[in-house]
K.L.:
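I'd like to ask some things about the structure below.
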Amino acid sequence: MTASGPLADPRKQPRDDEFDIPFDLPATAPAGAPAPAPIPAPRPGGIAARAQALANPGRGEPSRGVYLDGLNPEQREAVEATDGPVLVLAGAGTGKTRVLTTRIAHILSLGLAWPSQILAVTFTNKAAREMKERIHAMVGEEVEGMPWLGTFHSIGVRMLRRHAELVGLKSGFTILDTDDQIRLLKQLLRAENIDEKRWPARLLANIIDGWKNRGLSPQQVPAGEGAAFANGRGQKLYTDYQARLKALNAVDFGDLLLEGIRLLRENPDVLADYHRRFRYILVDEYQDTNVAQYLWLRLLAQGSRNVCCVGDDDQSIYGWRGAEVDNILRFESDFPGAKVVRLERNYRSTGHILGAAAHLIAHNEGRLGKTLFSEGENGEKVTVTGAWDSQEEARAIGEEIEALQREGHALTQVAILVRASFQMREFEDRFVTLGLNYRVIGGPRFYERAEIRDALAYLRVIASPADDLAFERIVNVPKRGLGDAALRQIHDHARAAQLPLIEAARELVGSEELKPKVRLTLRDLVASFDRWREQMATLPHHELAEIVLDESGYTEMWQKDRSADAAGRLENLKELVRSMEPFENLIGFLEHISLVMDVDSGNGGDAVNIMTLHSAKGLEFDTVFLPGWEEGVFPNQRALDEQGRAGLEEERRLAYVGITRARRRAKVFFASNRRIHGLWQSAVPSRFLDELSEKDVEVTESRGGSGWGGGQGGGYAGRYGYGPSRFDQAETFGSSYSTPGWQRAQNAAKSGSGFSEGRSRYAASESARGGRIIEGELIAKSTGAPSRFAIGDRVFHQKFGYGEVSSVEGNKLTVQFDKAGEKKVVDSFVDAA
DNA sequence: ATACTGAGGATTTTT
DNA sequence: TCCTCAGTAT
């Protein structure tokens, strides 16, 4: 097996023998070791033996290890129930990961299985990495013998590479990401003469993904659904798409599972091998599994039936991408005789936070029901604060954070969790003004950046010349005069001669068909690729990457670019090259990148975390700010429109996830007016606010004193008003929140001074003026050392690019940025241009 | 082949 | 409002 099956840690050179060992022998067994059938004895001196010795000083009875100490009774029950199916319902902060990792350590130390006989699946690489680290902490090096610890996708690839021929692929198949997928679909749509305006490729990609999530092959698509796209051509397009993938020897992410299912179903011998191999199966975040993943798991679990799924139905927030909460709700009937363990003891949050969250989530109907409790203090109440508009919301949160900072709290322990990323901007702008360090988590991913994808495309063409999608991507990047016309010629020839694009190009160069200029350029390009491919054998791959980027003119292209982000892009390219170093070779790196494509974002010191609620799942912070709790924003209007009650319940689970991220302080905000897509809209507080238990909530005024009902000349309360909405009539709204601010707001709402469409525009300009006044005060207060910049200076800012200083007040500058417009920034954030 | 212009669309995200 | 994409003008 030289075409490299990926290992759980792709940075290790794939071992040649990995797949040649019979499945019922452990991959890690030393040569000549006895086969551990049916139950392997602990190897002398092995981890299991050591653990047993530790656990049972003076006794021969192997039952209990030190690692079990400190588990509560339920956790211990979940760890020790090794036989048969187990469902662990683990509420937020109840030690879910701990149970999972301890269970693995337990299985290993009792010698119930070799490391290579345990299948442990997670959703994200991050989760897999963490699990691996924690197991390592418990059992040491033995974790290195666990090749089947990984994400659904990485394990899927591993199986497919081994048996590629059985599903019509070659082992070196490439994995397409969403971008490649869409470009391919665009080609298909064009070939079918389908109007891409009416039937966008992106939509088709989503539909196909949806089918794949549900485990449906083209033939299995329900007739009605297959007809829904492009006047009945959906199913045909799906079929064509799969055919194209096969022709390219490629798969998309969905195929990694779908083809895996097909492989197991159509090849009983292969399935039987895996049944023998996997004595124990563990699944993290089971509530997030989709139908395909469920089917895949069920196939594999039919062997040993020792399957342990850990999840929390209340934290199922990925329904929109195919996750089926049903999978967890149905576990007991899917796996008869299953043991269900509930973990309800929360180790993370204070009583008030838990109480508020529990009361909220109790409004959902379809749930298994858990009641979290903690033995800690009640702590601070959850606060609910109204702001006039989103700018003021950001200002109020900024001030609270500065206050926390003054009290000595670390910014890394503060998070702002938003529903949608458009909400982040307001905070970024505000924090730039304040000079408050922040980091956005989850934004555009490293690998999605154009420059990274371009660089990778070059490397892909070098590594696998038949990668047409990669070739297409970079054939004219940087611009070298090989435009549409030239590409079409190459395409035509490739199709006629049945060759990959780059080979077709090579032949065309030798003919008279191309214009002389094009011919020369293309000849150079083909020659360059030949040269690079030769160098692949002699040069370390990261050096090769550097050479490729330089010689292709790619680096130069960005060096010449004067736009704001060019510097950052060059930095990203350097980072990419750096990240290649630990890998054994180019192939290994590309394999890793196609599945992981995630570079550890260097923890840039003390900074506030800004992220979406979705990406906050699994994390925890001392203080959590939850802005934007308004009807339409959260719960999100589209979720309600498209998914109805199910959508509302998922939004509510999202709210639950948000609150339960907080250890000590949860602070909810809403704004009465918000600009959405450039239009000011008056907003109604989210129904979720009223679903928080009053005993755990305190309604406060925004700290800046300029909130609704607050200060700033006492101006806002009178102008404040809700637009007409069903929420106004809702009975729950007549709640007895009793702070002055809340009551004033209610009075204002009842007095009928709600804004009409026209007046909400008026409100917008008023609020904008209010904003500047506040900002003026702040700036006036913060005059520090005189700035090193003067009016008229040219400056460069990491985020906004080049600009000219138009005013200087202390260390705060007002800069007219060429691209980003006028911004106020702290001078330490800019450099002289 | 590239630069400009106007329309349209704009959640959530992993692999 | 602001960004992306497609189509047109140079």
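Lettering of chains follows the sequences in order, A, B, ..., and the numbering in each one begins at 1.
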K.L.:
Mark yes when over 12 heavy atoms from residues, nucleotides or ligands other than Arg183(A) sit less than 6.0 Å from its CZ; otherwise mark no.
P.N.:
yes

K.L.:
Among dT15(B), dT12(B), dT14(B), find the nucleotide with the atom closest to the side chain of Phe253(A).
P.N.:
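Nucleotide nearest to Phe253(A)'s side chain: dT15(B).
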
K.L.:
Looking only at atom C1', what distance separates dT13(B) and dC2(C), rounded to whole Å?
P.N.:
22 Å

K.L.:
Less than 5.5 Å between centroids and less than 30° between ring planes, does Phe123(A) satisfy that with dT14(B)?
P.N.:
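Here the ring of Phe123(A) and the base of dT14(B) are not stacked, as the 5.5 Å and 30° limits are not both satisfied.
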
K.L.:
Respond yes when some side-chain nitrogen or oxygen of Thr612(A) is under 4.0 Å from OP1 or OP2 of dT13(B), and no when none is.
P.N.:
yes

K.L.:
Could you work out which one of dT15(B), dT11(B), dT13(B) sits closest to the side chain of Asn125(A)?
P.N.:
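Of the options given, the side chain of Asn125(A) lies nearest dT15(B).
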
K.L.:
Expressed in angstrom and rounded to an integer, what is the separation of Gln181(A) atom CD from dT15(B) atom C1'?
P.N.:
11 Å

K.L.:
Could you tell me how far apart His614(A) (NE2) and dT15(B) (P) are, to the nearest whole angstrom?
P.N.:
15 Å

K.L.:
Rounded to whole angstrom units, what separation is found between the CD atom of Gln637(A) and the P atom of dT11(B)?
P.N.:
14 Å

K.L.:
Should Asn476(A) be listed as having a side-chain N or O under 4.0 Å from OP1 or OP2 of dA1(B)?
P.N.:
no

K.L.:
Within the pair Ser421(A) and dT12(B), is there a side-chain N or O less than 4.0 Å away from OP1 or OP2?
P.N.:
yes

K.L.:
In the 5'-to-3' direction, what one-character label does each nucleotide of nucleotides 1-10 of chain C receive under the scheme B = base within less than 4.0 Å of a protein heavy atom, S = sugar-phosphate only, - = no such atom?
P.N.:
BS---S----

K.L.:
Roughly how far apart are Ser615(A) OG and Lys126(A) NZ, rounded to 0.5 Å?
P.N.:
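Rounded to the nearest 0.5 Å, the OG-NZ separation comes to 9.0 Å.
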
K.L.:
Quick one: Asp177(A) CG to dT14(B) P, roughly how many Å, whole number?
P.N.:
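To the nearest whole Å, that distance equals 13 Å.
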
K.L.:
May I have the distance from Leu619(A) (atom CG) to dT14(B) (atom P), rounded to whole angstrom?
P.N.:
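Interatomic distance, CG of Leu619(A) to P of dT14(B): 12 Å.
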
K.L.:
Less than 6.0 Å separating the ring centroids of Trp320(A) and Tyr318(A)?
P.N.:
yes

K.L.:
Go through dT15(B), dT11(B), dT2(B) for me and flag the one nearest to the Thr151(A) side chain.
P.N.:
dT15(B)

K.L.:
Under 4.0 Å, heavy atoms only, any strand: does Gly254(A) hit a base, just the sugar-phosphate, or nothing?
P.N.:
nothing

K.L.:
Is it the case that Gln187(A) and Glu472(A) place a side-chain donor and acceptor less than 3.5 Å from each other?
P.N.:
yes

K.L.:
Using a heavy-atom cut-off of 4.0 Å across all strands, would you classify Gln643(A) as base, sugar-phosphate, or nothing?
P.N.:
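Nothing, no nucleic acid heavy atom in range.
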
K.L.:
Can you confirm whether the side chains of Asn609(A) and Arg439(A) place a donor and an acceptor under 3.5 Å from each other?
P.N.:
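Yes, side-chain donor-acceptor contact under 3.5 Å.
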
K.L.:
Mind checking what makes salt bridge (Lys or Arg N to Asp or Glu O under 4.0 Å) contact with Arg653(A), not counting sequence neighbours?
P.N.:
Glu650(A)

K.L.:
Taking CZ from Arg638(A) and P from dT11(B), how many angstroms apart are they, rounded to a whole number?
P.N.:
6 Å

K.L.:
Quick one: side chains of residues 516-525 of chain A, donor-acceptor pairs under 3.5 Å with protein atoms, not counting sequence neighbours, listed by atom name and distance.
P.N.:
residue	atom	partner	partner atom	Å
Arg519(A)	NE	Val509(A)	O	2.9
Thr521(A)	OG1	Lys517(A)	O	2.6

K.L.:
Expressed in angstrom and rounded to an integer, what is the separation of Gln315(A) atom CD from dT14(B) atom C1'?
P.N.:
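These atoms are roughly 17 Å apart.
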
K.L.:
To the side chain of Arg419(A), which of dT11(B), dT2(B), dT14(B) is closest?
P.N.:
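Side chain of Arg419(A) sits closest to dT11(B).
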
K.L.:
Heavy-atom nearest nucleotide on DNA chain B for Gly481(A) versus Tyr318(A): which residue maps closer to 5'?
P.N.:
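Closest to the 5' end, via its nearest nucleotide, is Gly481(A).
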
K.L.:
Just the rounded figure in Å: distance from P of dT13(B) to CD of Glu650(A).
P.N.:
12 Å

K.L.:
Quick one: does Gln287(A)'s side chain have a donor or acceptor within less than 3.5 Å of a partner on Asp312(A)'s backbone?
P.N.:
yes

